[in-house]
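Everything on this sheet refers to the single structure shown next.
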Amino acid sequence: MSQAFEALCEFLRRSSGLVMESSKQYLVESRVMPIVRRERLSGLDELVLILQRKQSPKLAKDVIEAMTINETYFFRDKTPFDQFRNVILPALIASRQKDRRLRIWSAAASSGQEAYSLAMILDEHAAKMPGWKIEIVGTDLSEQVLEKARKGIYSQFEVQRGLPTPMLLRHFNQIGESWQISEAMRSKVTFRQLNLLSDFTSLGRFDLIFCRNVLIYFDAALKADILTRMTRILAPDGFLTLGASESLIGLKTDLVAHPEQRGIFVRQTSAPQPQLQAARPATLQPPANALPPGFAATAMAAARLRTTG
């Protein structure tokens, strides 16, 4: 592993939290070398020297964006969105009937497909949520992908990946060979540039945080730090959804895994109290898709459940 590559990896770790192993050298160089050629630099060594001397904030931003643009698509991995539709959303609707407010954070929004997928599911439940104030906030480190997300324009290939045809016809308008998601859906999502290494308390409190397929790029200490700070802005009975390959194993956080739904996490303090469990009629059987007894009891008593695409 060359010194230039090591220095570049250290720059990425400090500036964005990305941890790049030596096995990723080809990936790193394949994304960075086009910038080297565009800037007519002599090679990776000169690029690293400029980054270390902080001579070009724009160049630093371009390098970070090149390394943080990740693949995404509508309803990626399917299961988290089924869980949102069938488990999380019904629980939140039940526990927020009084306030009728719902805030969702897509913490690694990329080009917007995750946030818009959530918006389309919420549209399915519109009849059950009259008068509700719903906010979806999508954030990402890359301003380049966020600009695409705001426009909501996707290629034929992109809308064919995971997006059911009825949703395409209902929520998208064809523009030449591309498709643009409707203004109604775009108005439901606000996109903001954000580095997860920075303070994000200004975002406010959320009922659900989708933080999928981003923590895998961070080391254990940074993962724990980000999750701890996310927990602070997660409603006491809120939910956190991670990616399929992500877990809390080995991390010290105030979160616990949902006992029946893989990939969903809630606050430790949302665990049901013994008296609530005792008060539940022994003969009452929950429906098959309900939360486990303790969690369901908490939700029915206006109780607590809570907390990265």
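Nothing here was measured: the structure is a model prediction, and the numbers come from that model.
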- Query: Linking I/L/V/M/F/W/Y whenever any side-chain heavy atoms sit under 4.5 Å apart, do Ile209 and Leu194 land together?
  - Reply: yes
- Message: Using modelled atom types and a 3.5 Å cut-off, is there a donor and acceptor pairing between side-chain atoms of Asn195 and backbone atoms of Ser15?
- Response: yes
- Charged N to carboxylate O under 4.0 angstrom, Asp123 versus Lys188? no
- Side chains of Glu183 and Ser187: closer than 4.5 Å at any heavy-atom pair? yes
- Hey, is the main chain of Thr231 close enough, under 3.5 Å, to the side chain of Arg267 for a donor-acceptor pair? yes
- Query: Is there a donor-acceptor pair under 3.5 Å between the side chain of Arg212 and the backbone N or O of Ala108?
  - Reply: no
- Those residues at least two apart in sequence (or on a different chain) that pass salt bridge (Lys or Arg N to Asp or Glu O under 4.0 Å) with Lys58 are Asp62
- Message: Please tell me whether Val189 and Ile153 are part of a single hydrophobic cluster in this structure, the criterion being side-chain heavy atoms less than 4.5 Å apart.
- Response: no
- Message: Is there a side-chain contact between Leu122 and Trp132 in this structure, where contact means two heavy atoms from C-beta onward sitting under 4.5 Å apart?
- Response: no
- Message: With a sphere of 6.0 Å drawn around CG of Leu169, does it hold more than 12 non-hydrogen atoms of other residues, nucleotides or ligands?
- Response: yes
- Query: Would you say the side-chain atoms of Glu177 pair up with the backbone N or O of Ser155, donor to acceptor, closer than 3.5 Å?
  - Reply: no
- Check the pair Leu102, Met129 against side chain to side chain contact (heavy atoms under 4.5 Å, CB included), reporting the backbone distance first and the verdict last. CA-CA 10 Å; Leu102 185 63; Met129 307 175 72; 4.0 Å; yes
- Evaluate the criterion side chain to side chain contact (heavy atoms under 4.5 Å, CB included) for residue pair Phe74 and Arg161; output intermediate values, then yes/no. CA-CA 7 Å; Phe74 292 101; Arg161 299 186 69 193; over 6 Å; no
- Task: Looking only at non-hydrogen atoms, find the nearest pair between Ala7 and Val48 and report the distance.
- Result: CB-CG1, 3.4 Å
- Message: Taking Ile181's backbone N and O only, do any of them form a donor-acceptor pair with Arg186's side chain (distance below 3.5 Å, no angle check)?
- Response: yes
- Query: Does a donor on one side chain and an acceptor on the other come within less than 3.5 Å for Asp199 and Thr201?
  - Reply: yes
- side chain to side chain contact (heavy atoms under 4.5 Å, CB included) between Phe75 and Gln113, worked out: CA-CA 7 Å; Phe75 298 98; Gln113 286 96 319; over 6 Å; no
- Kindly say whether Arg101 contributes a backbone atom to a donor-acceptor pair with the side chain of Asp99 at under 3.5 angstrom? no
- Query: Does Gln174 use its side chain to pair, donor to acceptor, with the backbone of Trp179 at less than 3.5 Å?
  - Reply: no
- Task: Would you please test Leu118 and Phe81 for side chain to side chain contact (heavy atoms under 4.5 Å, CB included) and show each step?
- Result: CA-CA 7 Å; Leu118 294 169; Phe81 297 97; 4.0 Å; yes
- Item | Expected output: side-chain Gln55 to main-chain Leu51 donor-acceptor under 3.5 Å | no
- Got a sec: does the CZ of Arg40 have more than 12 other heavy atoms crowding it under 6.0 Å? no
- Would you find a donor on one side and an acceptor on the other, under 3.5 Å apart, between the side chain of Gln52 and the backbone of Phe11? no
Distance-only criterion, 3.5 Å: show the donor-acceptor pairs between side-chain atoms of residues 214-230 and protein atoms not counting sequence neighbours.
| residue | atom | partner | partner atom | Å |
| --- | --- | --- | --- | --- |
| Asp219 | OD1 | Ala221 | N | 3.4 |
| Asp219 | OD1 | Leu222 | N | 2.8 |
| Asp225 | OD2 | Arg229 | NE | 3.1 |
| Asp225 | OD2 | Arg229 | NH2 | 3.2 |
| Thr228 | OG1 | Ala224 | O | 2.8 |
| Arg229 | NH1 | Ser198 | O | 2.8 |
| Arg229 | NH2 | Leu196 | O | 2.7 |

- Check: Glu65 side chain, Glu143 main-chain N or O, donor-acceptor pair, under 3.5 Å: yes
